[in-house]
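What follows is a set of notes on a single structure, which appears directly below.
Chain letters run A, B, ... following the sequence lines, proteins first, then strands; residues in each count from 1.
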Amino acid sequence: MSARKGRAALMVFCGLVMVLLIAPALVAVPMGFNGRATFEFPPQSWSTRWYENLVTDVTWRDAIVNSFKVAAIVAIVTTVMGTAAAYGLARGRFPGRGAVMALATAPMIIPIVLVAIALYAIFLEQKMVGTLEAFVIAHSLIALPFVIVTVTAGLKSLDDGLERAARTLGASPAVAFFTVTLPLLKRSLAVAAALAFAASFDDVVVAIFISSPEFQTLPVKIYSSLTDTVDPTVAVASTITLAIAALGMAVAFVVMTKRGVEGDAAR
Amino acid sequence: MSIVQRVGHAGAPSRPAGPGGRALAALFSREFALTIPALVLLGFAMGYPLATIVERSVTDFPGGSGAFLDNYKWFFEEELNRVVLLRTFRTAAIVTLACLLIAYPYACAMTVVGWRMRLVMQAAVVAPLLVGTMTRNYSWVILLQDKGPINDALGAVGLGPLHMIGSLSGVIIGLVQISLPFIILPLYASLREIDGRLMGAARSLGATPAQAFTRVYLPLSLPGVVAGSLVVFVVTLGSFITPALLGSPQQSLLPQLIAQQVNQLLAWGRGSAMGVILLLVTLLLIWVGSRASRGSAALSGGGRR
Amino acid sequence: MQPDDRSMAVGARVEIRNLTKRFGSVVAVEDTSLSIEPGQFVTFLGPSGSGKTTTLNAISGFTDVDGGEILLDGTSILSLPAHKRNIGVVFQHYALFPHMTAADNVAFPLKRRRVPKAQVREKVRRALELVHLADYGGRLPRELSGGQQQRVALARALVFEPRLLLMDEPLAALDRRLRDAMQVEIKRIQEQLGITVIYVTHDQDEAMTMSDVVAIFNEGRIAQIGTAADLYERPADLFVARFMGESNRLPVITCDEGAVAFAAGAETLRLRARNATEAGVRGMLVVRPENVLVGRERDPGLDSSLTGRIGRVRYFGAYCVTEVVLDDELIVRSRQPVEVALEAVEGDRVHVQWNSRHALFLRSGEGDQLSGSASSFLDAADGGAEAVAHG
């Protein structure tokens with residue numbers, strides 16, 4: 001087999017993988033316009049009533065509002081908390097730094113079911129199941145490692161001589177942090193906050209355990225309607241997350257393409 | 001000009017820790033203090049709950065009383081548990097292997113294409129992550145159903161219908177697709193670091209392309225392979241949603257069993273013991289994996305020199 | 001800057017007393033004392049790990065000390081945090097804030113000191129003028145060349161009129177031509193402002209051309225301090241002799257005052273040497289290559305002479321270096337202008353000779369306590385351009 005043929009075969013394979021990665025998610029789009037409440041694909045009749053349902057049905061609306069509320073609070077809390085911790089870990093020389101770092105990333109490697117039942121046990125004990133507070137605490141735990149890892153990477157790429165320079169020029173450690181380090185960390189912080197938001201917004205497993213019929217998040221609502229009913233509103237909710245994701249990708253793509261072109265020009 | 005002189009050694013008493021030392025000690029504690037909010041969260045939301053689970057696994061028994069390790073004994077004595085544990089491992093291994101076979105060529109290709117194509121390929125990997133867990137699981141429920149589009153397509157070419165949803169094969173298909181990004185990303189990050197000239201060097205020293213690949217490229221890519229496989233394996237071991245939606249209760253995996261013990265049977269002790277076992281297995285795997293990848297990282301470092 | 005600035009920015013007197021700093025069990029700086037007069041340009045010279053940077057960090061406030069005292073105009077600064085010491089620092093990699101323009105970088109220390117806006121603008125303008133970058137204030141650091149970034153860093157370290165300026169290998173990242181130009185520039189600015197400068201480098205040429213005073217650091221101590229000429233012509237020990245310039249070194253034993261014995265093959269020669277006092281001391285006879293002449297005949301004007309054969313001859317344009325291999329394989333190098341140097345063929349028997357005024361005896365021992373790392377560093381650093389004992 002010639003190198004060219006091999007390369008062509010590889011690219012065909014990669015094309016198929018890309019289809020495998022992306023295509024399944026698109027199934028939700030036609031399903032959202034299903035005329036009847038079935039899982040039939042493709043739908044036999046069409047309707048937009050599930051879109052109306054998503055907005056008018058209180059349980060769906062509440063679930064969406066709850067998801068956004070929890071994710072927003074988690075994003076803010078963990079970005080502040082995680083940035084402080086990442087900074088302390090990156091700049092500090094205190095004993096036990098390695099242990100703290102390992103601890104901070106541990107939620108990533110503990111099987112999520114275990115995290116879920118453990119938190120469930122505690123929230124039952126504290127009568128916090130189905131509360132906003134419980135969700136914020138649980139999702140903050142899940143999101144924190146993402147923030148710490150992202151901000152730590154950002155700090156590593158920063159020249160720590162800059163803070164020293166600021167100190168010699170008369171800035172106290174705090175002023176040096178806010179005038180020099182923080183502005184240079186903007187991009188990492190934005191990424192960290194986005195990841196924290198996504199980690200919270202996307203969580204199903206923990207949410208299933210700690211939610212109550214009165215307080216659900218969107219993934220829990222999707223999960224329960226998938227297991228109990230054939231409500232195509234699920235597809236509508238999926239279509240909307242899909243649209244948001246696509247929009248985010250498009251923006252990122254444009255930005256990166258532009259930077260790529262600039263990078264080429266600089267070379 | 002030479003106004004400078006060495007000042008005598010006498011005088012100025014030496015201080016073991018000067019004021020500078022105190023200032024620095026204060027700095028240490030300030031930096032430690034920055035980690036305190038995160039530590040409090042970790043303590044309350046991870047440490048305390050996990051400790052509770054461990055405690056329940058040795059104090060909470062279905063009959064109301066029992067000996068210290070009874071729940072663990074029960075786990076390994078009950079045949080169903082052993083079957084599920086084995087099935088869980090087998091599933092995780094199959095999913096990991098399948099992911100690796102698909103991800104390796106894809107990640108290789110990402111390192112050789114132009115930056116525009118690379119961006120597209122990267123986007124294709126990241127997109128499913130953005131789309132969300134539930135959306136992806138929902139899609140597979142639709143796709144894999146008995147009268148779903150996959151069986152329609154199979155029927156059109158005279159195959160099937162296959163029973164996929166509600167079976168382990170459905171779970172594996174779903175998990176492979178859902179896990180792919182987790183292995184492609186670390187694999188690509190590691191392959192990108194391999195100096196492409198090494199392959200040329202191997203060829204110039206008389207290696208065939210196949211030898212150059214197996215003797216040079218493959219060993220250098222091992223850290224990425226180990227890291228990516230580990231992520232997929234561990235995530236699959238703990239996966240709950242996909243087996244619950246695509247699998248069947250008759251072929252459940254360990255996480256489902258844990259949830260069942262806690263939610264339906266209210267057997268906290270047994271559920272907790274199973275959770276602890278799952279955690280220990282996961283930690284063991286990560287420990288072995290990190291040792292393995294450290295070994296091969298040292299190897300690749302030596303290769304680069 | 002204007003003359004009135006000059007009176008304000010007049011240099012500080014710096015006194016370091018018995019400074020000691022350990023990192024774990026490693027002593028980075030050991031009981032070092034030093035006093036610097038206002039307006040002096042002092043260079044800390046030494047191999048890496050010799051304690052010069054640690055000393056600098058102790059002055060700037062980034063290293064706590066284990067003992068000793070640092071006084072600025074008679075007042076201890078050790079209890080002050082780095083940001084209250086009011087000392088200008090220029091870093092090796094400039095450490096310009098990448099998200100601020102050159103002008104904003106220079107304005108940074110003024111803003112920290114809450115200088116009124118109008119004054120900030122004026123001071124920034126003058127500081128940038130001082131470093132000849134008046135038109136570059138609006139540029140970001142990445143839009144400036146390495147040399148320009150260095151100048152902005154200098155302007156930023158000077159704009160708040162510190163009385164002491166610390167420079168940590170500030171030219172290490174620049175190419176040679178630019179480095180030479182910047183040396184002249186830094187010296188001009190220092191003289192214009194009258195500021196005290198402590199300059200850390202491991203480049204001996206840089207140290208010699210810029211400094212009023214050079215302090216040579218070795219293993220946490222100051223091996224010698226003095227003018228460049230002092231150090232070059234009268235090195236206190238073998239470390240200094242090896243570190244400052246090139247030198248030929250012949251292993252000898254003193255026989256009596258002013259004379260040493262050198263074993264040249266089978267016979268023992270008596271050579272005259274400065275600094276030899278009592279008899280029976282082992283050490284090295286140090287002669288600089290430029291003081292060594294190579295000739296077929298003995299030169300009656302030079303009182304010390306050895307014989308050997310011509311080894312390699314290297315041509316450097318302005319001068320050439322002739323190696324003469326002595327009978328026991330020791331090599332003596334002579335560096336002479338091309339027109340003076342002997343035209344010789346490898347293997348020719350010749351005399352290597354010098355005036356004993358230029359021959360200095362330095363004892364082995366205290367001054368030559370080169371640990372393995374230090375001595376190998378030196379051998380690598382000056383390319384073994386001294387008498388090397390083979391075998």
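Taking each heavy atom of Ile137(A) and Leu41(B) in turn, the nearest pair found is O-CD1, 4.0 Å. Nearest heavy-atom pair across Leu10(A) and Ala109(B) is CD2-CB, 3.8 Å. The minimum heavy-atom distance linking Val276(B) with Leu114(A) is given by the pair N-CD1, 4.4 Å. Among all heavy-atom pairs drawn from Met46(B) and Leu103(A), the shortest one is CE-O, 3.6 Å. Of all non-hydrogen atoms in Leu42(B) and Pro107(A), the two that sit nearest each other are CD2-CG, 3.9 Å. Heavy-atom minimum distance, Ala85(A) versus Ala38(B): CB-CB, 3.7 Å.
Between Leu143(B) and Pro24(A), some side-chain heavy-atom pair lies under the 4.5 Å cut-off.
The greatest number of non-hydrogen atom pairs below 4.5 Å with chain A, out of Ala127(B), Ser139(B), Ala244(B), Ala103(B), is found for Ser139(B). Per-residue counts of heavy-atom pairs under 4.5 Å with chain A were compared for Leu130(B), Thr135(B), Val125(B); the largest is that of Thr135(B). Counting heavy-atom pairs under 4.5 Å between each of Thr227(A), Val115(A), Ile148(A), Ile109(A) and chain B puts Ile109(A) at the top. Interface summary for chain A: among Pro181(B), Pro105(B), Gly275(B), Ser272(B), the most heavy-atom pairs under 4.5 angstrom belong to Pro105(B). The most heavy-atom pairs under 4.5 Å with chain A, out of Val141(B), Thr282(B), Ile142(B), Val131(B), come from Ile142(B). Across Asn263(B), Val281(B), Thr52(B), the residue that shares the most heavy-atom pairs under 4.5 angstrom with chain A is Asn263(B). Considering only heavy-atom pairs separated by less than 4.5 Å from chain A, the leading option among Ala124(B), Pro255(B), Ser239(B) is Ala124(B). Per-residue heavy-atom pair counts under 4.5 Å with chain B were compared for Leu119(A), Leu242(A), Leu218(A), and the maximum is reached by Leu119(A).
Atoms CZ and CG, from Arg91(A) and Leu34(B) in turn, are 11.5 Å apart once rounded to the nearest 0.5 Å. To the nearest 0.5 Å, atoms CD1 (Ile117(A)) and CG (Leu278(B)) are separated by 9.5 Å. Between atom CG of residue Leu20(A) and atom OH of residue Tyr106(B) there is a gap of 10.0 Å, rounded to the nearest 0.5 Å. Going from atom CG of Leu21(A) over to atom CD1 of Ile184(B) covers 5.0 Å, rounded to the nearest 0.5 Å. Of the inter-residue distances, the one linking Tyr48(B) atom OH with Ile122(A) atom CD1 reads 4.5 Å to the nearest 0.5 angstrom. To the nearest 0.5 Å, atoms CZ (Phe240(B)) and CD1 (Ile112(A)) are separated by 11.0 Å.
Ile142(A) does not touch chain B: none of its heavy atoms, backbone or side chain, sits under 4.5 Å away. With a 4.5 Å cut-off on non-hydrogen atoms, Ala235(A) touches chain B through its backbone and its side chain both. The contact between Leu245(B) and chain A is made entirely by side chain atoms (from C-beta outward), counting heavy-atom distances below 4.5 Å. Of the two parts of Ile208(A), only the side chain, counted from C-beta on, holds a non-hydrogen atom closer than 4.5 Å to a non-hydrogen atom of chain B. Using a 4.5 Å cut-off between heavy atoms, Met117(B) touches chain A through its side chain atoms alone. Residue Leu279(B) touches chain A through both its backbone and its side chain, counting heavy-atom pairs closer than 4.5 Å. Proximity to chain A (any heavy atom under 4.5 Å) is shown, for Val40(B), by neither the backbone nor the side chain. Ala138(A) does not touch chain B: none of its heavy atoms, backbone or side chain, sits under 4.5 Å away. In this structure, chain A has heavy atoms under 4.5 Å from both the backbone and the side chain of Val120(B). Proximity to chain B (any heavy atom under 4.5 Å) is shown, for Leu89(A), by both the backbone and the side chain. Contacts between Phe209(A) and chain B at a heavy-atom distance below 4.5 Å involve the side chain alone, from C-beta outward. For Met11(A), the part sitting under 4.5 Å from any heavy atom of chain B is the side chain, from C-beta outward, and nothing else. Using a 4.5 Å cut-off between heavy atoms, Tyr223(A) contacts chain B through both its backbone and its side chain. Within the 4.5 angstrom heavy-atom criterion, no atom of Ala198(A) approaches chain B. With a threshold of 4.5 angstrom between heavy atoms, Ile178(B) does not approach chain A through any atom at all.
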Show your reasoning for whether side chain to side chain contact (heavy atoms under 4.5 Å, CB included) applies to Leu50(B) and Ile110(A).
CA-CA 10 Å; Leu50(B) 283 182; Ile110(A) 299 174; 3.6 Å; yes
Take Arg7(A) and Val112(B) through the test side chain to side chain contact (heavy atoms under 4.5 Å, CB included) and record every step on the way to the result.
CA-CA 10 Å; Arg7(A) 202 184 156 91; Val112(B) 295; 4.2 Å; yes
